[in-house]
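Report on one structure; see the data block that follows.
These numbers come from the heavy atoms of this one structure, side chains and all, not from hydrogens, waters or symmetry mates. The shown structure was predicted, so the numbers you read here are calculated from the model rather than taken from an experiment. Numbering of ligands and ligand atoms starts at 1, following listing order.
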Amino acid sequence: MSETLKTQVAIIGGGPAGLLLSQILHLAGIDSVIVERQSRDYVMARIRAGVLEQGLVDMLTAAGVGERAAAEGLPHHGVQLAFEGEMHRIDLSGLTGGKQVLVYGQTEVTRDLYAARDAMGGVILDEAADVTPYDIETDTPYLTFTRHGTDYRLDCQFVAACDGYHGVGRRTIPERVQRIFEKVYPFGWLGVLSRTPPVHEEIIYANHSRGFALCSLRNPQLSRYYIQVPVDTPLDAWPDDRFWEELKRRLPAEAAATLVTGPSIEKSIAPLRSFVAEPLSHGRLFLAGDAAHIVPPTGAKGLNLAASDVNYLSEALIGYYRNGDEAALTGYSERALNRIWKAERFSWWMTKLMHQFPEDSEFDRRIQRAEFDFLIGSPAYQAAMAENYVGLPY
Ligand SMILES: Cc1cc2nc3c(=O)[nH]c(=O)nc-3n(C[C@H](O)[C@H](O)[C@H](O)COP(=O)(O)OP(=O)(O)OC[C@H]3O[C@@H](n4cnc5c(N)ncnc54)[C@H](O)[C@@H]3O)c2cc1C
């Protein structure tokens, strides 16, 4: 069996970038269809980011999906940085004229976006296999895919590849026009989600000689903890008891003393990498979010960068459909990359500052310590950090 569908913008990927783009385009009267490889249950169950910049919160609000984030999200006005057990607060709001971040899980953002798309009759075709874009260098691109035994062709005017790091969109851009910039870190993050009260009301980033640790949270009863581990560590080498013991050793004493442990309800290891593919567009295909770039999660920028791409791309598409404006579409890549590289720099900087790098010499460690001491002693340096952490303007 085969079927042909038609839309204005075909969106590959039903993660936060694809869903938000579809929602914004819908509100502007532009038709889109999302084609997603996984089942909806799988997408909804993924545990990922949890710190939202104001820019993303504003986008959710403008897209009519910010109500639950506003009601249930936890505004954070500061973060805690620790080095070998000494804890220092960075006053995000005080240093940025009142800005803040909102702790609200990516899982919840995704749930809110699915609910909104469903309520407005949005078309999301999940469990789509072998999604392939064709004719992206023409005005009549299309996708093909197979779903539940039927072969589909989706005719469109534009393809938005919001299909994450392992997606098909980026690979459709010819090698002759694409440049890849990449840095792979020699460690990963072992993450545990537990139904326990968070150890601290603010997020703690800790650099310890045994490795980095992060205490984060999703809500007052749900905690997310991470420790730096060698990238080849098998997950089953980390039963819960070992994880909690190692986390405690890396935390400042006051935090370790009040840590409430419990069974993990999710446990995974994420490798750390910095990655950018340039340009973000070719012909009528546009990349957005993890499809185009990856940051190590130390600066909490992955999801937020996906949102700023969607902001620029939706503006460009709306400009095209309202006024026939091609310039914004042509300029999308450069505009988005300008902000992407700044977030890449910040995420790399925070990763360098807070982790133990196996290849580092004693000299490198002294420089890292000096950088930390300078940061906690310098309001100007702290202000630069805070400005980046709360999110650079769009
Ligand atoms: C394990 C993990 C932990 C993370 N933790 C954090 C964190 O703590 N803080 C932070 O800021 N960021 C974190 N991130 C990054 C953040 O989650 C991403 O930046 C964010 O999900 C980007 O959204 P996206 O929509 O661009 O991509 P994704 O969320 O990856 O969505 C892409 C979608 O495309 C679909 N897809 C892929 N290939 C195809 C195909 N061929 N056909 C159709 N559909 C396809 C995928 O199934 C997926 O649903 C984490 C990422 C991972 C993987």
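- Ring centers of Phe372 and Trp349: at least 6.0 Å apart, outside the cut-off.
- When non-hydrogen atoms are compared, ligand 1 lies under 4.0 Å from the backbone of Asp290 as well as from its side chain.
- Within the set Met44, Arg40, Arg48, the minimum heavy-atom distance to atom 14 (N) of ligand 1 is found for Arg48.
- At least one heavy atom of Cys162 sits less than 4.0 Å from an atom of ligand 1.
- Note on ligand 1: Arg224 sits outside its first shell, no heavy atom being nearer than 4.0 Å.
- Contacts between Ser216 and ligand 1, counted as non-hydrogen atom pairs separated by less than 4.0 Å, are absent for every part of the residue.
- The protein heavy-atom contact nearest to atom 44 (N) of ligand 1 is Arg37 N, 3.1 Å.
- In this structure, Asp91 pairs ionically with Arg89, as a charged nitrogen and a carboxylate oxygen lie closer than 4.0 Å.
- If you check which protein heavy atom lies closest to atom 31 (O) of ligand 1, you get Gly15 CA, 3.5 Å.
- If you look at Val295 next to ligand 1, there are no close heavy atoms at all, none under 4.0 Å.
- Both the sub-6.0 Å distance and the 45° axial angle are not jointly satisfied by Arg365 relative to the ring of Phe357.
- Using a 4.0 Å cut-off between heavy atoms, Tyr226 contacts ligand 1 through its side chain alone, with no backbone atom that close.
- Among all non-hydrogen protein atoms, the one lying nearest atom 1 (C) of ligand 1 is Ala270 CB, 4.2 Å.
- Arg153 has no carboxylate O lying under 4.0 Å from a charged side-chain N of Glu3, or vice versa, which leaves the two without a salt bridge.
- Around atom 7 (C) of ligand 1, the closest heavy atom drawn from Ala49, Ala307, Ala129 belongs to Ala49.
- Put simply, no part of Ala128 is less than 4.0 Å from ligand 1, judged by heavy atoms.
- Protein heavy atom in closest approach to atom 47 (O) of ligand 1: Glu36 OE2, 2.6 Å.
- From Tyr225, atom OH reaches atom CD of Glu246 across 15.5 Å, with rounding to the nearest 0.5 Å.
- Applying the ring pair (Phe, Tyr, Trp, His ring centres under 6.0 Å) test between Trp189 and each of Tyr226, Phe243, Trp238 identifies Tyr226 as the sole match.
- Counting non-hydrogen atoms of other residues, nucleotides and ligands closer than 6.0 Å to CZ of Arg242 gives a total above 12.
- Counting heavy-atom neighbours within 6.0 Å of Glu84 CD, excluding the residue itself, gives a total above 12.
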